[in-house]
Structures are given as C-alpha cells and as structure tokens.
Amino acid sequence: MPKLPRPGLHRVNNLLFALVVVINLYVIAAPLLPQLTYWWDVHHSSRRTQLQQLIQRSGSAVKKTTAIAQVNSLIIPAMMLDQPTLEGPESNWFDLLYKGIWRWPGSSTPDKGGNTVFLAHRFSYTGPHGAFYYLDKLKTGDDIGVIWNGKTYTYNVISSQTVPPTDTAIENNTSDAQITLFTCTPLWHPVNRLVVVAKLKGVS
Amino acid sequence: MTEKTKFWILLALLALSIALLAYLNYTNERLFIG
C-alpha cells in the first residue's frame, strides 16, 4: 500500500512556496517602487514649482520664511528634494550615508568655492529609499540650490555621467566653483557611480 | 515527487532567496564607496 502524504507537510510546502515568491517579487520590484512616488509627485503635486521658487528667492527671504534655512541643505526641484546635508568624518561614512546627504569631508564648501562634493545612497532594501534615488532625473540646465550658512548658492547642471568607483578624479578640487553629486548605479547591483556636476550660477 | 522532496527543494530556494536579498542589500549599502 503506498504511503499517503502528510497533510501538514503539504501546507508547509505551500507556505514555503508563497514565501519564495514574495521574497523574489520584493527583490525585483522594491527598487522600482519610488518611481511611483515620483510619478505621483510630478502629476499631482506642485512640489517641484514650490522648490524652484524657494531657490529663486533671496537668501534673506529664505531665512525668514523657512525653517530649512537654519541648517545647510540641498534643494533640487527636478528630484523633489529638500533635505539637510550632514557633516562628519570618513570613519562614520556608513551612519552618515544611512541618515541622508553627506558632504565629502575632503572637499570644499560652497562659500569657499572650488569643488563641493555631496553623496548619498540611492537605494537599499532595509532602509528608506536614498536621498539621491532620483539623481538620474537631473538633466543639463536643471537648477540646484544649496543653502549654506544662511546664503543660497544656485547651480546649473552641466553634466551627468557614470564612472567606475576607481575614478576618484570626481572628488578633486577645481578652480571654478561647482558642486559634484554622486550616488551608486545601477539600482539592483550598484557597481558604478552616477555623477552629476553643476556650476555656480549665483549667490543670494 | 514526494512532499518531503518538495519540502527540501523549497527550503533550499527560500535560503537562496534570502541570501540574494542580503547580498543585494550589502552591495547597495556597503560597496557604495567603491
């Protein structure tokens, strides 16, 4: 007489199968979910316009009207980004990047001119989506605002490119005032860096 | 295929899926600096 399968094991197998499917769907779909938020913001909110207006005001006006002016921050209308920047040594890089946008400690600052480098995560499965998730949305000519010590520095994007992590020239200082933003790319297996460079347009 | 064989195959697939998720998260968070 053939041995009948145990009904309990059949249920366990169904559960295991469901778990395998859910985990793999999450692996594939999770990096794309923030795209839905972006699509929604572009079509159903005026956040981009509000941020554009924010960086076009004078530094003193920003200081009087918004709380964000009290800390150094980065405003990028094309990315719907308005977030404080963090300072800290390289030894704390993991914690700083987990919290948000980090100014590379070896780089300049907007008030000193030269090359100011900001970096942030793009995506992680265990954390929130990174501040620079939408860095690939930036195009030549887009505005970037940096609020630094109460002044607003406005920059224009001049280039966006992908480089290998060994290309550390992106962090070098420059004679012109510029900012360099970089994050990891592509989304699922980030082996390269997505680098955006913007030149100073004005200070207010 | 017996239920017992299916169980071990699914368990192995589950372990592989979790390992893949952990590896991809590691590359996103730790290999960032390059």
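Residue numbering restarts at 1 for every chain, and letters A, B, ... go by the order of the sequence lines.
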Measure the spacing between OG1 of B:Thr2 and CG of A:Leu9 and express it to the nearest 0.5 Å.
-> 8.5 Å
Heavy-atom pair of closest approach, residues A:Tyr125 and B:Leu24 | CE1-CB, 3.6 Å
From OG1 (B:Thr27) to CH2 (A:Trp188), nearest 0.5 Å | 12.5 Å
Give, for atom CG of B:Asn25 and atom CZ of A:Phe123, the distance between the pair rounded to the nearest 0.5 Å.
-> 7.5 Å
Those residues of residues 20-38 of chain A, ordered by number, that approach chain B below 4.5 Å (heavy atom to heavy atom) | A:Val20, A:Ile23, A:Asn24, A:Tyr26, A:Val27
Which region of B:Leu16, side chain (C-beta onward) or backbone (N, CA, C, O), has a non-hydrogen atom less than 4.5 Å from a non-hydrogen atom of chain A, or is it both or neither?
-> neither
Quick one: closest heavy-atom pair of B:Phe7 and A:Val12, and the distance?
-> CE1-CG1, 3.7 Å
Inter- and intrachain pairs under salt bridge (charged side-chain N to carboxylate O under 4.0 Å, His left out), touching residues 99-120 of chain A, at least two apart = A:Glu87-A:Arg103
Nearest heavy-atom contact between B:Glu3 and A:Asn13 is OE1-ND2, 2.8 Å
